[in-house]
Amino acid sequence: MLRTAPTSWTCDHERVLRRLGPRIAAFAGAALLVGVLLVLTKAWYDSRLPGTYSVMSYGYADYGGGAAAPHAGHGGAGQGLSVTDLHGPKAGPPDARFELTALSATIRLASGRAVEALTFNGTSPGPELRVTQGDLVEVNLVNEDIEQGVTIHWHGVDVPNAEDGVAGVTQDAVIPGERYTYRFRAEQVGTFWYHTHQVSSKEVRRGLFGPLVIEPRELPAGGLDMTIAAHTFDGIPTLNADDTVQRRAVRPGTPVRLRLIDTDSAEQRFTLSGAPFRVLAIDGTDLTEPTPLENTALVVGAGGRMDVAFTMPAGLVQLSLGETSAGVAFSPDGEAFALAIVPGTDFDPLTYGRAATTPFGAASEYDRRFELTITRKPGFFDGSPGLQWAINGGIYPDVPVFVVEEGDLVEVTIANDTKAVHPMHLHGHHVLVLSRDGKAASGSPWWSDTLNVQPGERYVVAFRADNPGIWMDHCHNLGHAAEGLTMHVAYAGVTTPFRVGDVQHNEPE
Ligand code: C2O
Ligand code: CU
């Protein structure tokens, strides 16, 4: 009976353990499972976007000053500048006035195919708006029957914030029966476009967009100047809603300018054969001393624009949209057309044209430096599990808000660590491309509002914070934006009274 206590304890302990072991293991396993479930449930729960919310309460402030920056709410308390204060000229007669009525309509492609579209004034693309630099532009938007509401965003035009047309950020969506007036001065010369920024992943896809051209005061006389919008309707690639090769009679010697606009969510590969051509402008900004190109494809990212020019030769010139059946054939008799050709190389703006002085560059002192790294990771987005887009490691709304102050010189490094192309669009500003994958831009200054960032690419861009407001910065593959590839650049102290969500039905993406 003489046993030492420890032995006895050990024996009992072992016996007890032997008996209880499986139960403890089962219990621990169950606890672990419950724990994992709780974590997942919380992740799911937290990811659900509330019915209505302010973009100001979302994300975390990133001051571009490095790791020490606090995750405080942005919008300096008490400074009280609202986006509604940042509007265009209210008084005075406009130089150009348009009325755009949003309505559902059946449009017919050239092949005869009917498309149930959402349109401005019954057509898609909507009416081409052509104005002159310096014009005070007034656009009256009427929503006839677009149930989910509509707005108009002037893509690439750096308008005052209140005229930017983003539902839930700069205005409420315009519901059927309502009207809304936009007024802004057209300061930039170039090729732009307009589109709804309410449920845009569906409404733009279905046709609520149109071209906008701001012409210089001194127009080159004569010539053919044509906007060409590439868009996919019901899966059918089109140019200006035409899914065939359009034929155009053009006299030899005529200067031709084609304003290519990608209104789609995918990048478009344009080819131009039959004459040497030059790329005059990218995203509405002229290039410096563009040189002639041949056998070179023009890849335009979703939302982006490229203006190309050629002199009409004696033979056929053909613009093709990839290898689709859509194209435009220019010939002296307006009859000829050819099959699309597939050029050997893609146009690269990084080295095209002549370098020129820019207001800032790689060597400038930057007030803020931001990283915008796009990855894909498993998680929840708005309550749905899956592989999600992430910005700097977080899934929307856990994304940064880049906070700037007026006058700041801002550098942003955009890295695409995914397998998809992301055309990144910053509202209200144009960015200057400084480098790509460490290679400095060496051609004409390249200003962009929609930068097509290919898988694996890393761009360093810069802009001057000279347009106060709360601005969207998102992927213009609008499906990606709707999946959370969306964030904001906010000026400190600016607030918005508008909310995203079910109260006003505001749904920018
Ligand atoms: Cu062309 Cu935020 O859009
Ligand atoms: Cu994208």
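Order of appearance sets the numbers: ligands from 1, and atoms from 1 within every ligand.
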Item checked: Three-point angle His480:ND1, the Cu ion (ligand 2), Cys475:SG, rounded to the nearest 10° -> 130°

Check: Parallel, tilted or perpendicular: which fits the ring planes of His195 and His153, with parallel below 30° and perpendicular above 60°?
Finding: perpendicular

Notebook entry, point to check: Can you name the N, O or S atom of His422 that is closest to the Cu ion (ligand 2)?
Noted result: ND1

Next item on the list: Specify which N/O/S atom of His474 comes nearest to atom 2 (Cu) of ligand 1, by atom name.
Entry: NE2

Check: Of the backbone and side-chain N, O or S atoms of His476, does one lie nearer to the Cu ion (ligand 2) than 2.8 Å?
Finding: no

Note to self: For a distance under 2.8 Å, tell me if His425 has an N/O/S atom near atom 2 (Cu) of ligand 1.
What the structure shows: no

Check: If you draw the axis of the six-membered ring of Tyr45, does the NZ or CZ of Arg48 fall within 45° of it and under 6.0 Å from the ring centre?
Finding: yes

Check: Do any of the N, O or S atoms of His197 sit under 2.8 Å from atom 2 (Cu) of ligand 1?
Finding: yes

Check: Is it true that a side-chain atom of Ser320 and a backbone atom of Thr271 form a donor plus acceptor pair closer than 3.5 Å?
Finding: no

Note to self: Restricting to N, O or S atoms, which atom of His155 is closest to atom 1 (Cu) of ligand 1?
What the structure shows: ND1

Notebook entry, point to check: Do any of the N, O or S atoms of His153 sit under 2.8 Å from atom 2 (Cu) of ligand 1?
Noted result: no

Check: Under the criterion side-chain contact (heavy atoms from CB on, under 4.5 Å), which of Asp262, Thr263, Leu260, Ile261 is the partner of Gln268?
Finding: Asp262

Note to self: With no hydrogens and no angle check, just 3.5 Å: does a side-chain donor-acceptor pair link Thr151 and His197?
What the structure shows: no

Checklist line | Side-chain H-bond candidate by donor/acceptor type, Asp417 with Thr375, under 3.5 Å | finding: no

